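The structure displayed is predicted, hence computed values, not measured ones. We name chains A, B, ... by the order of the sequence lines, and we start the count at 1 in each one.
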Amino acid sequence: MSDPRDEPASVPYLRGVPEPTSGPLWAGFGVTLMFAALVTHALVAMVGFVCAVAGFVAWARACFPEERLESLPTGADQPLPPPALQPKGRESRVMLPAAMHPYRAGLRGGLAGGVSMAVVAVGWGLLKHGSVWLPINLLSGVFVPSVGQASLETLSTFQPGLFALACGIHLVACLFVGLLYTVTLPMMPRRPLIMGGVLGPVLWTGLLYASIGIVNPALERFISWPWFFGSQVAFGLTCGRTVSRARRIDTMTGLPLDERMGVERGGVR
Amino acid sequence: MALLVAVLAVLPCHAAEPVICTTAGTELPVVPPHMFEPAGPVSDEVQSMAWLLGGICLGIFVVVEGLLVYSIVKFRRREGDRGEPVQLFGSNPIELAWTVVPTLIVFTLALVTIRVIRDIDRTTPPEGAMCVTAIGHQWWWEYRYPHPTDPTGEVVVANEMHVPVGVPIWVRLESADVIHSWWVPALAGKTDLMPNQTNRLWFRADTPGIYLGQCAEYCGNQHAGMLLRVVAQPEAEYRAWLAGQAAPAVDDRSVSAGRSIFESLACSTCHAVKGVSDGAFAPDLTHLMSRTTIASGMAELDRDTLRSWIDDPQVLKPGCNMPSLKLSPAELDAVTDYLLTLK
Amino acid sequence: MSTLHAPSHTAAGTSLLERLHGWAITVDHKRLGIMYVVAALLFFVVGGLEAAAMRLQLIKPMNDFLTPQGFNQMFTMHGTTMVFLVGMPMLAGFGNFLVPLMIGARDMAFPRLNAFGFWLFLLGGLLLYFSWIGGDGLYGAGGAPDVGWFAYSPLTSKTFSRGNSTDYWILGIMVSGFGSLSAAINFVTTILCMRCPGMTLMRMPLMVWMMLVVGFLVLVALPVLTAAQVMLLLDRSLGAHFFDPQQAGSALLWQHLFWFFGHPEVYILILPGFGFVSEIVPVFSRKVIFGYTLMVAATVGIGFISLGVWAHHMFVVGLPPWLNALFAASTFLISVPTGIKIFNWIATMWGGRIRFDTPMLYCTGFLGMFVIGGLTGIMLAAVPFTTQLSDSYFVVGHFHYVLFGGLVFAILGAVTYWFPKATGRMMDEGLGRWSFWLILLGFNLVFLPMHFSGMLGMPRRIYTYQPDRGWEMWNLVTTAGVPVQMLGVAVFVWNMIRSSLKGPVAGDDPWDAWTLEWATSSPPPEHNFDRIPTCTSARPLWDRKHPDDPDCHYE
Amino acid sequence: MNAATAQPDTWRPSRGKVGMACLIFMESLFFSGFIIAYLFYIGKSAVGPWPRDVLELKPVLVNSVALLSSSFTVVAAVRALERGRMEAMKFWLLATIGLGAWFLWGTWSEWRGLIEDKGLTIATNLFGTTFYSLVGFHAFHVFAGLLALGTILLLGVLGRLKPRRDTIRFELISWYWHFVDVVWIFVFTTVYIVGMRP
Ligand code: HEA
Ligand code: HEA
Ligand code: CUA
Ligand SMILES: [Cu+2]
């Protein structure tokens, strides 16, 4: 890495600070004039050229053959030693409160939740419309405009492209929500399962209820809200269970919200 | 932001008093140039998307500003506070939470946006579409319609665009000089008119009306004076209008004095009057008087404005590309009278 | 590799002339920094007055306070000034003043290049303004450029823009751009090479991190603008055809090149603002910054993503839908790292004991206002919605919320915060509060209504509008806010002038802060530190103040 | 972590190297602007002449070899300075300058041919526009590099170079020279290979 020809392994300007010079001012002035000449007169360019050359020469003389520095108060070329710090004693300050390494659990929970949600959704398709493909095709309607206009028959058949797309969307969303569960469930006041398994789905379903027409018009045409809610609860419960079984996260219940969120004060003490 | 919502809610009512105005004998409401009274499928879809986005952003706004205000109120320094508060360096789970939630929102937004893009941004004409070419000039509009009878010909019209109600219109956008942008909010979002490139746009007007808009890309001096008007009328009236535009100019002997001034002066080098002159630099005047406005919507078209326009266009539209030809009052009257016959 | 000379004491000259000469030949980063900031403030007042003229013209429909061309020159000069002669030098100024102090160095890596950069910026700016006199080629009454700050071709071609005004725009911006490039090289080198012992990368103040990323962004983006401007210059002076549609040249090429620069540019402008906030918020909340590592990661992330979103300024030019979709997605993505920053700042305040002195007021204002601007940015990134909003006053509203509500608020906070360091005197609290509340009120009066007029269909860059369109009220409110804002700015400027003469003496560390610039005297000596400090954590002064509980155990 | 972290780290990269790297980085973005414009406009000219009709590969190839080999001679010159062998240093440096000048002369004669015989100027068509600007800016950079190398040669002849002190400076200049060569590889590929395809 370090090259013996480099400057000494310390901070430049330990021995002095650069001396003032008018070089840069003249150089800048000259360069500007040379450009200004393009819209004024060739004479301006000549003046500019003279200024620029003078400036660059003055500049070079400040740097070469050796940089001209002004001397400093004596002793200034030695860095200040670091203060005497005491070894770690108190632990009044913390960086990582809340859960320990639960991210993997979250991803796993997301996957598991995703599966159970899919089971409910596919069940709805089978029972109500006699097709396992319908819910899958409908999901891809977030992204594919033609799904919004397609007939029920088309939507009830297997469509490889839509299938892949729906799986992708489902996977990404479930993984992220799973991650979210791992970090939020420990913060819930009590009974994380109820919060994650019911409250979350209620909120989410409500949000979608208000916006489904724009978010996914295809789904809007067929959706059955009880079933939809059911599938969300299935996700929430499965995911929540997987996550909460992975760690003893209820160590924190009983602490005030600030602390559970880890924002107010270190959690584990 | 709360104000924003309140305002959004009243916006549609705010400008909804329809102004009645007569063109070609029918009464048409003037539709204001904004997106809150969508008159067709394109602007409609955009509007619903706007509500979605507005809702999401409002939600985020409330949460974030709420947290901010809470911490301002709750955690301000109080009398008697001593020493430093507990130092907290961060929290991986918390930070992960506020990375994941926005990511999810962004993911959803991206999916929906892309779907709507593909839904409205057709690269092939919609079924049963009628094709019109719009050409932007500094600072007026030219429209070219397929000729109603002659399949190879075109009908050239300036500044006021007429379309039949309920028919999808497939507009080819071209520019004669610099970049312009065609924007009639109630019908469709804007698309630029680029020199050397043909852009496309489609809309459908579902109710009759005069739809306002204006050029939305800065195009020089009179960018502000490059207004747009689209007259959507029932199919039959539209056909009658097109037939009228396709006809040659009215030739009224009583104004031949004005006509010969028009021909002998520079007017004819810039302006076309079918059968009289064929300048292509400026608006076609063959059926000038079938329009209700002059100078691409800057003023109502009547004898006085027309006369003062010809006298010195730079008064009404400073910087525009038509010079004052310094006509004597008599010549002015004659030319004005001539133009007034071009129905 | 150096020769030593006795100090020349240029600063200590007695006569005014000697003092001026001292400033002119200085290579001291602190003096250059101050000159940058003062020059930028002057340009800010000029740009603000241009804005005020525009607002006066738009106060009512069909007004004729300005001619169409006059108005077009106003917004061109206003935008150009604010972006290139206020935003850029402001960040270069603060970077210059602060970076060496914060990393415990005696000067920038290339002090003379630094001075050169400053003079290029200043002279470039003056060259641009010289166009008011020489714009028509020294023969006529002169005329400033009127092509807009992004100067879309072919409006800039000789055919549509006669005279020399557009050439002045090119040359002025190019020259001051060379200045910015010099500054960027200097920042990157200084930050990588001049840190004091113990100042590892992950112990640098966040402000320094932002300047590092900004340095890289400038090095990536600005040369592309320069290349585009050179092409335009060749078109205009040698008859080349880069942007000439008559010869099959493309108007799109300019847009791509410009926005490849232009979008990173807006983050170049805002990142130092983020830096100021990241320094001020912890000190006034009395807490360490929340999630330092993630803040650094988010900064770097913003830097990278911002290079891949430029076409969101071109959503209506007729790009293929898939390209629009791609750019919409990447644009949305940038809200994730930005959001992280916002949340981390709020988390820093959370649980603190916040002192609301003027710098903190401005930073709180920043947080509140920037979020609004960011969210309207998100709306603009949704292509279908943008077909309605693009080039309307909604966009003008958006970018003033991020530029004024974000950048300018952060700058005003930073000026108040570091004023005692630069001058040795405190700014007045009472006047500071007045200016803050006036500016906050005026700012919202001016820029909030712009969103409504924009949604009601008002395009930007129009010198006048028709009376029947429902825009009157909003424009009236907007204009009415300008005097309020102006008063606020005037109070601020007055506060600066007065305090620099007779403000209370500040002492070395008036805010009880934690970064190295507060470890030396106020104003710092020419050599910054009598002895170069040694750094033990990201908050070296905390460690010195609390040796019993130092930070370095928690990094 | 413990008090050990309080130990200062002291290694920092060299200012000169980082600065020169930044300059080179910046310049390469400047060139990419012109290269992109060139690629964007290949085959789009409204009128002739076209690259295939007027550009000749052979002389350019020879020039390229000259320019590229100067990268090796400049390395030799730096080495020589490092070892304090001033005569060898001057020889290699002179060789480098000679090769660079040869290249410039080659560009000059190519341009003369194009302008006088083939009637291609910067204003002729898009090809002319992009060609002259891209190749011209490259030539300009070669010229700037030659000025720098020439200054070093002058200092060397005057006996003002000190190996210990100045090797690093010379090496930085040589970086710039390599950069100019590498850019030429891109320019060459763009103009004479991609641009010539039918
Ligand atoms: C400081 C300058 C600055 C900044 C920081 C930004 C930030 C952003 N801008 Fe802005 N922009 C400009 C300056 C800036 N902009 C300027 C000057 C123009 C006009 C140029 C001209 O035409 O003259 C412009 C124009 C502009 C356009 C083009 C409009 C048009 O002309 O059609 C678009 C479109 O996408 C856009 C988008 C964005 C986005 C998405 C962000 C994002 O970075 C914002 C991110 C921030 C947030 C989103 C808020 C905080 C985040 C959270 C609280 C997390 C949760 C949020 C979500 C999950 C959404 N901007
Ligand atoms: C940092 C960037 C920045 C800042 C701070 C501002 C600040 C302001 N801008 Fe700016 N604006 C832009 C960047 C900025 N703008 C850009 C990039 C454009 C696009 C340009 C284009 O389209 O090309 C634009 C465009 C733009 C427009 C749109 C023009 C159009 O499209 O037609 C408008 C219209 O109202 C406007 C208004 C204002 C106002 C009222 C302020 C006010 O906030 C200004 C307030 C400041 C003052 C009023 C200072 C004056 C103070 C005094 C006079 C005090 C007295 C002083 C002493 C006694 C010493 N701006
Ligand atoms: Cu045409 Cu603006
Ligand atoms: Cu942008």
- Query: Is there a side-chain contact between A:Ile169 and B:Phe107, using heavy atoms and a 4.5 Å cut-off?
  - Reply: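 They are in contact (side-chain heavy atoms under 4.5 Å apart), so the answer is yes.
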
- Structural part of A:Val177 lying under 4.5 Å from a heavy atom of chain B: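 A:Val177 touches chain B through backbone and side-chain heavy atoms alike.
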
- Query: Could you state the interatomic distance from OG1 (B:Thr99) to CZ (A:Phe176), rounded to the nearest 0.5 Å?
  - Reply: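 Between atom OG1 of B:Thr99 and atom CZ of A:Phe176 there are 9.5 Å.
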
- Message: Strictly distance-based, threshold 3.5 Å: is any side-chain N or O of B:Arg115 a donor or acceptor partner for the main-chain N or O of A:Pro145?
- Response: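 No; zero donor-acceptor contacts below 3.5 Å.
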
- So, B:Arg118 side chain and A:Ser146 main chain: donor-acceptor pair closer than 3.5 Å or not?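 Between the backbone of A:Ser146 and the side chain of B:Arg118 there is no qualifying donor-acceptor contact (under 3.5 Å).
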
- Within a radius of less than 6.0 Å around CZ of A:Arg241, do more than 12 heavy atoms belonging to other residues, nucleotides or ligands occur?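 Result for CZ/A:Arg241: open.
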
- Task: With a 4.5 Å cut-off on heavy-atom pairs, point out which of B:Leu96, B:Ile56, B:Val116 contacts chain A the most.
- Result: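 Option with the top pair count is B:Leu96.
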
- Item | Partner chain A: residue of B:Ile117, B:Thr113, B:Leu111, B:Val112 with the largest heavy-atom pair count (under 4.5 Å) |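 Answer, by heavy-atom pair count under 4.5 Å with chain A: B:Leu111.
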
Taking distance alone, no hydrogens or angles, what donor-acceptor pairs closer than 3.5 Å link side-chain atoms of residues 204-216 of chain A to residues at least two apart or in another chain?
from	atom 1	to	atom 2	distance (Å)
A:Trp204	NE1	A:Gln232	OE1	3.2
A:Thr205	OG1	A:Pro201	O	2.6
A:Ser211	OG	A:Leu207	O	3.0
A:Asn216	OD1	A:Ala218	N	3.3
A:Asn216	OD1	A:Leu219	N	3.2
A:Asn216	ND2	A:Leu138	O	3.1

- Message: For B:Leu104, which atoms come within 4.5 Å of any heavy atom of chain A: side chain, backbone, both, or neither?
- Response: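 The side chain, not the backbone.
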
- Item | Residue B:Ser48 versus chain A: region with a heavy atom under 4.5 Å |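 Both backbone and side chain.
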
